[in-house]
Amino acid sequence: MPLSQSQRASRTAQSEIRVMSLECEKVNGINLAQGVCDTPVPEVVRESAHRAIDEGVNSYTRAEGLPGIRRAIADKMHRFNGLECDPESEVIVHSGSTGAFYAACLALLNPGDEVILFEPYYGYHVNTLLAVDAVPVFVTLQAPNWRFQPEDLERVVTPRTRAILINSPANPSGKVFSLHEVQWIADFARSHDLFVFTDEIYEYFIYEGRHISLATLPGMRERTITISGYSKTFSITGWRIGYIVCDSKWSRAISYFHDLVYVCAPAPLQAGVAEGIMKLPQSFYEEISQEYLRKRDLLCSTLNEIGLIPSIPHGAYYVLADATILGGGTSREKSMRLLRETGVATVAGSAFYRGGGGDNLIRFCFAKREEELQEASRRLKTLRERVGRATVA
Ligand code: PLP
């Protein structure tokens, strides 16, 4: 038999976000495709990481992370999320929340287990499930409100359902799950005895509504795997510092798989993040959401003005916009057309749906410096002149 890659590898495809970032580079465009926040890293975080390197915090740490950052996370979970956890046995520091989710899937899912998630989805969630031979099952949310009903969950559950995943605030829809909705999910998970994976990476990026950690709902602590990290909050996407908070029943297996794949998260960077969590005042977090609210409003008003009607996000830093004015074809073609016409890169809506969905949507990311967003806005406004009257309303 000739050499070949695994069946698993044959099922994968390069992420649409990376594809569009490459296309954007070719034309020297403005990349509103990728969620790379290039706002400054807080000084205390940078300086503490430098100091940790200078002071010799450069070796492997325990798989679950340095004690200082685990204590800082447990304290933050109490203050911000309203969840009590033991830093020694219930907090695991990971290589980003991406690594955290992968380790949790390896530890808790068997091949063929079904996991319910909401569509439009974040591609890494689906691809991670596929990589561990789990089966994603979708509940589709409709623009512009992205609501669902308890019956939508009951319709897709089967005897093989093992977990449900929520991402609030969500990428790409910007949905912030309401108290009603998280209560429905909690009732559903309890009645069908499911794990809940909750990706809370955008917990500080809220413009409307409030963040509710699902693990705080009655009876949910034991079955909920809370995943988050500091990539977004501290603008350190390249540092790879994330974490899981879960019942001590599961943490040993999860940290085993984290050890196997990554050994540990980068040691001096764990130290930098720990200082940031302990020292940054409440106002730092309030300013983040105010700054991103301004950016959201700038982008959304431009999109409204040019007829790419946005679904206004309540959280996170992405906007899904209706791309009808960009003419026919797939959402990839619409996104490429926008890049050609204006030099602004976006992601095709189809990247967030299974076969066929999302073809009328494109996603913009507003985690950009103010000047860059202003320039993107200026370029987008030229769309009306560039695209023929036949398509631009
Ligand atoms: N989860 C969601 C929903 C995201 O949108 C992203 C990044 O875009 C991540 C996780 C990645 O986080 P990390 O850098 O902690 O791996």
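When a ligand or atom number is given, it counts from 1 through the structure's own listing order.
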- [ ] Return the set of residues passing ring-ring contact (aromatic ring centres under 6.0 Å, His included) with Tyr122 (not counting sequence neighbours), or none when no residue passes.
- [x] Tyr124, His125

Open item on the list: Between Arg332 and Asp359 (salt bridge meaning N to carboxylate O under 4.0 Å), is one present in this structure?
Closed with: no

Task: Electrostatic pair Arg162-Glu114, nearest N-O below 4.0 angstrom - done: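 Result for this pair is no, no salt bridge flagged.
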
Open item on the list: Using a 4.0 Å heavy-atom cut-off, which part of Tyr318 comes near ligand 1: side chain, backbone, both, or neither?
Closed with: side chain

- [ ] Would you mind telling me if ligand 1 is within reach of the side chain of Thr98, the backbone, both or neither, using heavy atoms under 4.0 Å?
- [x]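 Thr98 to ligand 1: contacts from backbone and side chain alike.
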
Task: Pick from Lys232, Arg240, His125, Glu200: the one approaching atom 7 (C) of ligand 1 most closely through a non-hydrogen atom - done: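 The residue whose heavy atom sits nearest atom 7 (C) of ligand 1 is Lys232.
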
Assess [X] for proximity to ligand 1: is some non-hydrogen atom of it under 4.0 Å away?
X      : value
Tyr124 : no
Ser231 : yes
Tyr202 : yes

Task: Atom indices of ligand 1 within 4.0 angstrom of Gly96 heavy atoms, with elements - done: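 Every atom of ligand 1 under 4.0 Å from some heavy atom of Gly96: 15 (O), 16 (O).
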
Open item on the list: Show the atoms of ligand 1 that are less than 4.0 angstrom away from any heavy atom in Asn167.
Closed with: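 Near Asn167, the atoms of ligand 1 are 3 (C).
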
Open item on the list: With salt bridge (Lys or Arg N to Asp or Glu O under 4.0 Å) as the rule and sequence neighbours excluded, what pairs involving residues 196-205 come up?
Closed with: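 Passing the test, one end in residues 196-205: Lys76-Glu203.
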
Open item on the list: A side-chain contact here means heavy atoms from C-beta on lying under 4.5 Å apart; do Ile164 and Leu153 qualify?
Closed with: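 A side-chain contact exists here, since the closest heavy-atom pair is under 4.5 Å.
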
- [ ] Hey, can you tell me if Tyr285 and Phe234 have their rings parallel, tilted or perpendicular (30° and 60° cut-offs)?
- [x] tilted

